[in-house]
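Read through the structure below, which is laid out as structure tokens, and then see the notes.
Remember, it's 1-based here, ligands and their atoms both numbered in the order they're listed. All values derive from a computational prediction rather than experimental measurement. Every heavy atom of this structure was used, including side-chain atoms; hydrogens, water molecules and symmetry mates were not.
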Amino acid sequence: MARFAALFCFSILVVLQCASIDSAMAEEIGIYELKKGNLSMKLTNYGARIVSLVLPDKNGKRGDIALGFDTIQGFMNASSPFGATVGRVANRISKAQFTLNGTVYKLPANSGNNTIHGGPIGFSKVVWKVKKYSPDGAIPRIDFTYHSFDGEQGFPGDLLVRTSYTLLGDNQVCITMKAEALNKATPVNLVNHAFWNLGGHNSGDILSEKIQIFASHYTPTDSKLIPTGEIVTVKETPYDFLTARTVGSRINELPKGYDINYALDGSGSSRLKKAAIVHDEKSGRVMEIVTNQPGVQFFTSNTLNVKGKGGFMYKPHGGLCLETQGFPDSVNHPNFPSQIVNPGKPYNHIMLFKFSTL
Ligand SMILES: *[C@@H]1O[C@H](CO)[C@@H](O)[C@H](O)[C@H]1NC(C)=O
Ligand SMILES: *[C@@H]1O[C@H](CO)[C@@H](O)[C@H](O)[C@H]1NC(C)=O
Ligand SMILES: *[C@@H]1O[C@H](CO)[C@@H](O)[C@H](O)[C@H]1NC(C)=O
Ligand SMILES: *[C@@H]1O[C@H](CO)[C@@H](O)[C@H](O)[C@H]1NC(C)=O
């Protein structure tokens, strides 16, 4: 079944490559729902984002495992991109600049002197077009597209972006993020920035959830979370999740918690590989993430403090993010896998979630 789903994800990509991106539908903000079996997912074209993901626990009781807000205004107000597609370049770019093909590109800084998540008005803060919407049936699916213009948030060239959410058999969610450079080479790093709590969005902290991350190495950072450029072993550090253990087991050895990029094992090819498995023993829910990306950002919402859905207060460690991605600040680190997308050679990011209960 896993193999089938993986193949299926690929075939969706092939279909996407053939479909042309036109501009037919109006850009009103809406909420859309996909349903299959016991899984239902709400999405919005504001930031091409996940609004909720409802699925049963081990006793059959349904619950929403995605942190978020009751209204679109709530998502707009939030300082983090809850559930959104983040870009043009997710994560950090140091000193808000990079050089490409001999040209220096200066970006708006929105995290001290650095740029984060595509700038102050990145892809998570724009309204996308809804291109395809099949709410139920055999393969529920929705596609969101966005045409990013040359110079938007300082980045070079027009870029056509498409995020697709598809529900597959056996409680699987496939996210594909695709980008096509129309006229200039540009860095691209799209991520899905959902905050998960497998016990339910309103169940408290994620410290007792068990996590396994399939990475022997990580990219250490300075105090501003900019990578030093090294790729070092997780051995004998709190970053070692090669064997499953609870999120909280060594979190006190870090200043605030996890906010780090892992170099996934088996990278170097764009094959699908396991990124992480999370298991919440109380609810029995299990989430496995498979991707074709070289890295994954593990973030434990270290300073979270916001009133979320149903008025529930989301506190530090109230959710965790596993953002499959290219390495942060790769435009300024030639030893990191390149994020440069050239015209004629689209970017394709696959993120496959397999949910189950134990
Ligand atoms: C939905 O959940 C119920 C209760 O847990 C279970 O009996 C049923 O098999 C599930 N259906 C599907 C299609 O997974
Ligand atoms: C969003 O922020 C505005 C201005 O601060 C505030 O009036 C409003 O209540 C907030 N809405 C939500 C849903 O958070
Ligand atoms: C930004 O850079 C300037 C000049 O290097 C420095 O003085 C300042 O402290 C930096 N600001 C932050 C928030 O890091
Ligand atoms: C790099 O710059 C050269 C000269 O300005 C230009 O001809 C070429 O198309 C550029 N390459 C890309 C990938 O943008």
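Note: Tyr46 and Phe75 fail the aromatic proximity criterion, with ring centroids not under 6.0 Å apart.
Put simply, atom 7 (O) of ligand 2 has no protein non-hydrogen atoms near it, under 4.0 Å away. At a distance under 4.0 Å, a protein heavy atom can be found next to atom 14 (O) of ligand 2. Atom 1 (C) of ligand 2 lies below 4.0 Å from at least one non-hydrogen atom of the protein.
Side-chain atoms of Glu323 and Asn192 form no donor-acceptor pair, as typed in the model, at a separation below 3.5 Å. Side-chain contact annotation: Ser124 with Arg49, donor-acceptor N/O pair under 3.5 Å absent. Using modelled atom types, one finds no donor on one side chain facing an acceptor on the other under 3.5 Å when comparing Gln293 with Gln325. Donor-acceptor pairing under 3.5 Å is lacking for the side chains of Gln73 and Thr71.
Here Asp70 has no heavy atoms under 4.0 Å from ligand 2, in either its backbone or its side chain.
In summary, the atoms of ligand 1 found under 4.0 Å from a heavy atom of Gly60, numbered by their order in the structure, are 5 (O). For ligand 2, the atoms sitting less than 4.0 Å from at least one non-hydrogen atom of Gly74 are 13 (C), numbered in the order shown with element in parentheses. Atom numbering of ligand 2 starts at 1 in the shown order; those under 4.0 Å from a heavy atom of Thr71 are 13 (C).
Residues Phe336 and Pro227 approach most closely at CE1-CB, 3.9 Å, considering heavy atoms.
Asn38 ND2, 2.3 Å is the protein heavy atom nearest to atom 10 (C) of ligand 1. With respect to atom 12 (C) of ligand 2, the closest heavy atom belonging to the protein is Asn77 ND2, 3.3 Å. Looking from atom 5 (O) of ligand 3 to the surrounding protein, the closest heavy atom is Asn113 ND2, 4.7 Å.
Note on Ile213: it clusters hydrophobically with Leu198, by side-chain heavy-atom contacts below 4.5 Å among ILVMFWY residues.
Salt-bridge annotation for Asp70 and Lys309: absent, with no side-chain N of the basic residue lying under 4.0 Å from a carboxylate O of the acidic one.
Remark: ligand 3 and Lys224 share no N or O pair separated by less than 3.5 Å (distance only, no angle test).
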